[in-house]
Amino acid sequence: MTQSANKRPHVDGYAESVSSIELEQQVFGENPTEVRDTDHYTQEYVGGMVDKWDELINWKKRTESEGRFFIDQLKSRGVQTVLDAATGTGFHSVRLVEEGFDTVSADGSPQMLAKAFQNGIDYGGHVLRVVNADWRWLNRDVHGEFDAIICLGNSFTHLFAEHDRRKALAEFYAMLSHDGVLIIDQRNYDAVLDNGSGSNRTYYYCGEQVSAVPDHVDDGLARYKYTFPDNSEYFLNMYPLRKNYLRGLMRDVGFQQIDTFGDFQETYAEADPDYFIHVAEKS
Ligand code: SAM
């Protein structure tokens, strides 16, 4: 893949994203298990949850457990431009910048983006190009074309309606170059739904002192509780995506070749991995 000057993506919206930050607490209301709404993530990645996120994922351990998996996937395809669509606090964006990728860092939570921007500075003096954008309207807020889009850390699971998933995937597809690649990961919800199993933290959430356990699981909701050493508790309400369902959606949107890895391995027994990683090629 080549990159020309006019192909270089450009970014709007950072000024607005950082200026709109207000400290808040998570809000789930009287019936937390009834909260099954795609927009609700903006009320979950706020305040203490943002502050605690890096404790939960532990950058050093996560770097060790991921190894070069994502970097190798991108480099082996000649990728130069990457959109980190679910930047969170910037773990992958910083890694990508350090590896020389021309990276744009998007997220729908201004608070997570502000933390990412600060982390970029703190971890190596990188000025991340951040943009506040919801996947459903990505093309409106992020301009240009990318060789790769990554959506990692079990982020896609925040979309509760099928039409939102299709819309987000269509937006990703449209922003990729003709031979671009989309990488999405997800928790192994098949194991959680079918066997009540599904351990956690082994690969992604590596903070040793943090517990992440299912609080409620049914076909339409996986609500996880995160407890930190100071006994603070936070929750995330997510949609329990089944692996083959998501693969089917990617195929419907137009991705031609989809390889699914289990905990970074090509071969695995279906129930074993904590996480699946889908690598979807456009052509
Ligand atoms: N990728 C990061 C990581 O692995 O540490 C963050 C993962 S965090 C589980 C999910 C992120 O996705 C949050 O920062 C959240 O704001 C973002 N997100 C969820 N739904 C979104 C949407 N519809 N549009 C844009 N960002 C979204």
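Just so you know, ligand 1 is whichever comes first in the structure, and atom 1 is the first atom listed for that ligand. We count residues from 1, following the sequence as given. Below, each value reflects all heavy atoms present in this structure, side chains not excepted, and no hydrogens, waters or symmetry copies.
The residue from Ser155, Pro110, Gly88 that puts a heavy atom closest to atom 7 (C) of ligand 1 is Ser155. When the options Glu171, His92, Arg62 are ranked by their closest heavy atom to atom 4 (O) of ligand 1, first place goes to Arg62.
A cation-pi contact, defined as under 6.0 Å to the ring centre and within 45° of the axis, links Arg187 to Tyr224. By the 6.0 Å and 45° rule, Arg223 stacks over the aromatic ring of Phe28. With Phe70 as the aromatic partner, Lys75 does not meet the cation-pi criteria of under 6.0 angstrom to the ring centre and within 45 degrees of the ring axis.
With a 4.0 Å cut-off on non-hydrogen atoms, Ala168 does not touch ligand 1 at all. Only the backbone of Leu152 comes within 4.0 Å of ligand 1, counting heavy atoms alone; no side-chain atom from C-beta on gets that close.
One finds a salt bridge joining Arg68 and Glu99 here, because a Lys/Arg side-chain nitrogen approaches an Asp/Glu carboxylate oxygen to under 4.0 Å. Between Lys243 and Asp190 no salt bridge is recorded (no basic side-chain N to carboxylate O distance below 4.0 Å). A salt bridge between Lys60 and Asp54 is absent, with no side-chain N of the basic residue lying under 4.0 Å from a carboxylate O of the acidic one.
Val217 is not connected to Val35 by any chain of hydrophobic side-chain contacts under 4.5 Å among Ile, Leu, Val, Met, Phe, Trp and Tyr, and they are in different clusters.
For the pair Met112 and Trp53, the minimum side-chain heavy-atom distance is below 4.5 Å.
Which parts of ligand 1 touch His158 is read off a 4.0 Å heavy-atom cut-off, strictly below it: atoms 19 (C), 20 (N). For ligand 1 and Gly153, the ligand atoms under 4.0 Å from any heavy atom of the residue are 4 (O), 7 (C), 9 (C). Counting the atoms of ligand 1 from 1 in the order shown, those under 4.0 Å from a heavy atom of Met112 are 14 (O). The distance from ligand 1 to the heavy atoms of Ala86 drops below 4.0 Å at these ligand atoms: 1 (N), 2 (C), 6 (C), 12 (O). Within the listing of ligand 1, atoms 16 (O) sit less than 4.0 angstrom from a heavy atom of Ser109. Of all atoms in ligand 1, numbered sequentially from 1 with element shown, those under 4.0 Å from a heavy atom of Gly108 are 25 (C), 26 (N). The contact set between ligand 1 and Thr87, taken as ligand atoms under 4.0 Å from a residue heavy atom, comprises 2 (C). Of all the atoms in ligand 1, the ones that sit under 4.0 Å from a non-hydrogen atom of Ile57 are 5 (O).
In this structure, Trp59 and Tyr123 have parallel ring planes: the angle between them is below the 30° cut-off, well short of the 60° mark. Aromatic ring orientation, Phe156 versus Phe172: tilted (interplanar angle from 30° to 60°).
Taking any N or O of Asn154, backbone or side chain, none lies under 3.5 Å from an N or O belonging to ligand 1.
At least one heavy atom of Trp135 lies less than 4.0 angstrom from ligand 1. Put simply, part of Trp53 is less than 4.0 Å from ligand 1, judged by heavy atoms.
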